[in-house]
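Note sheet for the following structure.
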There are 4 protein chains.
Amino acid sequence: MIVVMEENATEAQVASVTERLKTSGYDIHRSQGERYTILGAVGSGGLDPRDLELFEGVHEVIKVSASYKLASRAFKPEGTVIRVKDVVIGATDVVMMAGPCTIESQEQVEAVAEAVSAHGVRVLRGGAFKPRTSPYSFQGLGEQGLRYIRESADRHGMLVVSEVMESSQIPMFLRYVDILQVGARNMQNFNLLKDLSRIDKPVLLKRGPAATIEETLLSAEYLMAGGNHQVIICERGIRTFETYTRNTLDISAIPVIKKLSHLPVIADPSHGTGRRDKVAPMARAAVAAGADGLLIEVHNQPERALCDGAQSLLPEQFTHLMAQLALIAAAVDRRMAGAAST
Amino acid sequence: MIVVMEENATEAQVASVTERLKTSGYDIHRSQGERYTILGAVGSGGLDPRDLELFEGVHEVIKVSASYKLASRAFKPEGTVIRVKDVVIGATDVVMMAGPCTIESQEQVEAVAEAVSAHGVRVLRGGAFKPRTSPYSFQGLGEQGLRYIRESADRHGMLVVSEVMESSQIPMFLRYVDILQVGARNMQNFNLLKDLSRIDKPVLLKRGPAATIEETLLSAEYLMAGGNHQVIICERGIRTFETYTRNTLDISAIPVIKKLSHLPVIADPSHGTGRRDKVAPMARAAVAAGADGLLIEVHNQPERALCDGAQSLLPEQFTHLMAQLALIAAAVDRRMAGAAST
Amino acid sequence: MIVVMEENATEAQVASVTERLKTSGYDIHRSQGERYTILGAVGSGGLDPRDLELFEGVHEVIKVSASYKLASRAFKPEGTVIRVKDVVIGATDVVMMAGPCTIESQEQVEAVAEAVSAHGVRVLRGGAFKPRTSPYSFQGLGEQGLRYIRESADRHGMLVVSEVMESSQIPMFLRYVDILQVGARNMQNFNLLKDLSRIDKPVLLKRGPAATIEETLLSAEYLMAGGNHQVIICERGIRTFETYTRNTLDISAIPVIKKLSHLPVIADPSHGTGRRDKVAPMARAAVAAGADGLLIEVHNQPERALCDGAQSLLPEQFTHLMAQLALIAAAVDRRMAGAAST
Amino acid sequence: MIVVMEENATEAQVASVTERLKTSGYDIHRSQGERYTILGAVGSGGLDPRDLELFEGVHEVIKVSASYKLASRAFKPEGTVIRVKDVVIGATDVVMMAGPCTIESQEQVEAVAEAVSAHGVRVLRGGAFKPRTSPYSFQGLGEQGLRYIRESADRHGMLVVSEVMESSQIPMFLRYVDILQVGARNMQNFNLLKDLSRIDKPVLLKRGPAATIEETLLSAEYLMAGGNHQVIICERGIRTFETYTRNTLDISAIPVIKKLSHLPVIADPSHGTGRRDKVAPMARAAVAAGADGLLIEVHNQPERALCDGAQSLLPEQFTHLMAQLALIAAAVDRRMAGAAST
């Protein structure tokens, strides 16, 4: 922590701050300039910087050390690689996770699974419990949906990723899915994070629409602090003043998180844009920027989808996209997982 | 729903959209202009506007009716008044809710309760379970904290408001508190909202830092749709690019929500600004703008607070603020609740 | 400037940074902690903090001293008071500046001037040159408009404030207006600021919709650095994700700027909200929060206004507002300028 | 324009709105639903939608037609191609514009020009007049800088793009540069836009940090309405709550603007991120998303740059980037301009 005193701070004021820091267990180093006195406080006293701003004569208090430790790149410089069966996330492969926004029926999830697995997709996505802004919107098929997606995934040798909405659902999800997704609205549902920190399956953590990168990594830290180091971060768009797109997909967050943290980072261009014709360009952009994977909505009949059909790719659009992604991945020394099998 | 066709849309395209709307149960009224064809779709077909944007020739689809009904002013034009014991929220009185950010000890909550009740404050606030961004921060005293705050409130004839973090805590909260608070990070925790919709106590719903006013009212709708009509909306600051204040307290949301909805609206200037010296000006602004109440943090020793001391008022600052608020309330034909007793 | 080295920075890296700082004219104070080495650089070497971030081993570089000097509260702790004829801005009086958004005709500006001067308003506002987002919108009457507003102001003993759009207009404005307004879109038109820094009339500087408070004060610094110390800051709303209001009027910016700077601060609730029924609540909020004045649009026939009629108060609404403001001003130990004459 | 009446609007209220619309020259089509009455107003009456919201009984007024016409894709479906000498912008080639942030000396600009032209770069960028947030920062070499960059460009057969800050500089710029850049802070400096609309050279228009896509296209419309159809839009990052990057480069704006408008779109990843190690990933992302060009800062000695060195690429980083971009361009059926010559 660094305390910058006001220009006209008195010696008594400096002494008062110094004492408070020392009694809290910090070592103090003083830098005396012409205009400013700066106190460098080293240690882990646990003071809230804003508490010090209450002291007379204090101009500004600056927190130095990142408050996340396990999630920081320094903790594991070589990067985290997550293996689920034969799918490897965070290494050379760019992993495509695709499927319908919402599981609507056995036929629907099967049709999509068949289409995407034909392109080498190894992870099937689909929501069974849907967080909907309006109480009057379709809320998902529940456990029946999980059963459908599991069956289709097994039939095509795929993994399943699906969103868990509250702690009481965790045991059920452990029976059906391989990767548990925490939705953007739950990114700071700390009780849910704590409960997920004790499971032995990977968690896909979506950045909240108003969450800074630092807050996102602190939520990852909740998972890791409880013992679950299999965390995948997902950029899915932040809320900005621009309304043409549903959210603004923050592509720059991908290289930023890759630098700050050792965790794999994927992008969700479907929710990030909310418009189907923007999904492909943003998927390409994410891979070009270094994403470890993509989460994409594909629907066999988007115009009949019960939820978010507008942002789902058609299977034939998906085919074209996969071909482009293979070329782009190569440009950044990566390859699309499963691409060999196409 | 209103569908605006592209300038060069063909008759076949118009027909295709029209048919889809009709089969979904809408009545269609067509407006034919020189440049645009506009289709007014009336009814409750439940189509997602974006689904229609998938159709060829569609320029834009505009949703008309607000998706919240029970929360809208039209549903109860005279306004909702919530009565808990002898505290009345949403009528002429401006209700002050004050207390420490976090319940730290019996002594602390008692000292603050005594100080604020002396100024006529009838609702005691304090957190027992704290949502903290970092897993390494103090997480609250839990049930013991609820016990402390209940005892102090009873001693001074006050109500208790405190934040509930997940559904499993609801029965415990019902034993101790009079108003259950949903925190900003949980505003779209829909499972929690559904469970709170079935209780018989008021819910204080905080607007999320990235939530629009419409989304906030839709979360209120979740509570009301389940049967709980005792909802208080709380503006507590939105996330913007300005970093000097922790959040930007959106004072204009107060008159806006008062117009759109019949629910009482209060403001939390402590979390909204994050800085003690800005709490009083913003509290005054909120009352001047028509707030039905305030949620304010007061601490007897902010510099020793375990959480957010920097934004807590000192008791003597609180005294001065209450005197100013009484004058401002009068200017807008309101009065501070309990002010008579000071 | 404070340089925080990476946890694992080598001594050679620390030495390299230290040398660069020294050769740039800084004195260095080193704080050595268990995890971090912190270098406090004192002096005025003029390095861009980001330049240092290029050095190997540097974790973070933090700029300390505010980059504005003349605009800072420390430069003039007692506050700036601006006097134009008998109008005093920045002292006890809260100064109301009112008038039409756009000057449309001699009759219109005269009707509004008469209405507002009857309430003691001493500053008449009105735009002659309008910055319009679309090239097809009405762009103002130009010099003829300035002539009209000057005549009406003189007839009622009022001052004139109006927006200047580019340097070449300054001589013309000096002939007609008492206070030159810099619009929000021009807040960082640095050439215009430099030219206005050389005039001998007050400048009303509007905060840009995406400008931080610090940037706003730096634009004020441009004016002051060139010699013009008569600067009034105007908060008029920032751009956020909320779309119900045109902008989000950042009421908290008022007490923040009052603390950081000695310059008078006023608020523009008309542009800040864009909706007439929100103008009065936000005007009250601004005065309650400590504003030194208000800039309000009043129109005799808003439904016939050529620009922004929707946000203009009717004269009778203005009357009621002035009465409320007088009470609120008193609550914060201020008084409405000219109120005695009503 | 579409007017949605309140649920309980009276026939008299509907009639009043209808009459106002008719007298303003609109044709009215009425849609009568169970809950809502919708009036479709077709024509070009020029009413401000908010003016109608003033009428009793009006729930909402929705503007339909995009207010830009010349800039819309419909005006020129095949897309605008700008040719300057043998450089073609907006066709198959992805055009790289590179050079120092600020022109500091003849040696510096020549060293960078030599380095980038060796990679086939055909457009040299560099600032001679710099808009700086602080009045105490280096403000550029002025005309001398333009002379230096012109000489280096001529020596290497390159075009020059540089930022013009005010109308009075236009004649000077026409002597030295091939493409005149309007900076982000000047995007709504409408007087400057009007003056640039009358020149016969292309204008590179940067999106403002708080400008919506629609506003950006309206600024382009200012240029086109005055007769200059050679407009290049540049996405350079918007202001969001995230502070790790200087701005958030809105990659999705690229495909969005390409759909809404026929104008070429380029991206500036240097200003968009403000950090050198993020420039390459974002440059790749922009090309993958369909950008027609890039504007990139390259400096031979970034650590000695007078401005924004921290975001300038080193020549060797540039080499590697150009190789990656060639592969990515091919993936989207484009090619890097000048790439053949490397």
Side-chain angles (χ1 to χ4, degrees), chain C residues 20 46 48-55 67-69 129 131-139 165-169 185-194 197 208-212 214-215 218-219 221-226 238-239 246 274-276 302-311, chain D residues 20 46 48-55 67-69 129 131-139 165-169 185-194 197 208-212 214-215 218-219 221-226 238-239 246 274-276 302-311:
Chain C
R20 177 68 202 275
D48 182 337
R50 291 178 305 149
D51 287 331
L52 284 169
E53 292 184 352
L54 296 174
F55 279 73
S67 29
Y68 50 88
K69 297 182 185 74
F129 298 87
R132 301 300 298 269
T133 306
S134 164
Y136 309 120
S137 300
F138 176 60
Q139 313 261 330
M165 282 184 66
E166 63 169 13
S167 296
S168 68
Q169 298 171 337
R185 295 186 185 84
N186 268 329
M187 193 200 85
Q188 294 193 314
N189 182 337
F190 301 118
N191 288 37
L192 178 60
L193 295 178
K194 281 182 201 165
S197 78
T212 62
E214 189 185 17
E215 288 166 347
L218 279 164
S219 284
E221 188 85 4
Y222 260 94
L223 293 165
M224 300 180 78
I238 57 175
R239 184 153 262 180
R246 185 190 259 199
R275 290 170 172 265
R276 187 190 304 155
E303 74 285 0
R304 305 237 172 270
L306 295 181
C307 167
D308 282 349
Q311 66 197 29
Chain D
R20 177 70 202 272
D48 182 338
R50 291 179 303 151
D51 287 331
L52 284 171
E53 292 184 352
L54 296 176
F55 279 74
S67 30
Y68 50 89
K69 298 182 183 73
F129 297 86
R132 301 301 298 271
T133 307
S134 164
Y136 308 119
S137 299
F138 176 61
Q139 313 259 330
M165 282 183 66
E166 62 168 15
S167 295
S168 67
Q169 297 171 339
R185 294 186 186 84
N186 269 330
M187 193 201 85
Q188 294 193 315
N189 182 335
F190 301 117
N191 287 38
L192 179 59
L193 295 178
K194 281 181 201 166
S197 78
T212 61
E214 189 185 17
E215 289 166 346
L218 279 165
S219 285
E221 188 86 4
Y222 261 95
L223 292 165
M224 300 180 78
I238 57 174
R239 183 153 263 179
R246 185 190 260 200
R275 289 169 172 266
R276 187 189 304 155
E303 74 284 0
R304 304 238 173 271
L306 294 181
C307 166
D308 283 348
Q311 67 197 31

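Reckoned from all heavy atoms, side chains included, excluding hydrogens, waters and symmetry mates.
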Passes side-chain contact (heavy atoms from CB on, under 4.5 Å), C/E166 versus D/F190? Steps please.
CA-CA 10 Å; C/E166 63 169 13; D/F190 301 117; over 6 Å; no
I'd like to know if the side chain of D/R239 reaches the main chain of C/A210, judged simply by a donor and an acceptor atom lying under 3.5 Å from each other, with no hydrogens or angles considered.
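Pair found, side chain donor or acceptor close to backbone of C/A210.
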How many angstroms lie between [atom1] in [X] and [atom2] in [Y], if you round to the nearest 0.5 Å?
X: D/S134; Y: C/E214; atom1: OG; atom2: CD; answer: 9.5 Å
X: D/L192; Y: C/L192; atom1: CG; atom2: CG; answer: 12.0 Å
X: D/M165; Y: C/N189; atom1: CE; atom2: CG; answer: 7.0 Å

Proximal component of C/T212, with respect to chain D [non-hydrogen, under 4.5 Å]:
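Contact with chain D involves both backbone and side-chain atoms of C/T212.
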Side chain, backbone, both or neither: which part of C/Y136 has a non-hydrogen atom closer than 4.5 Å to chain D?
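Just the side chain, heavy atoms under 4.5 Å.
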For residues C/L218 and D/P135, report the shortest heavy-atom separation together with the two atoms involved.
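Of all heavy-atom pairs spanning C/L218 and D/P135, the closest is O-CD, 3.9 Å.
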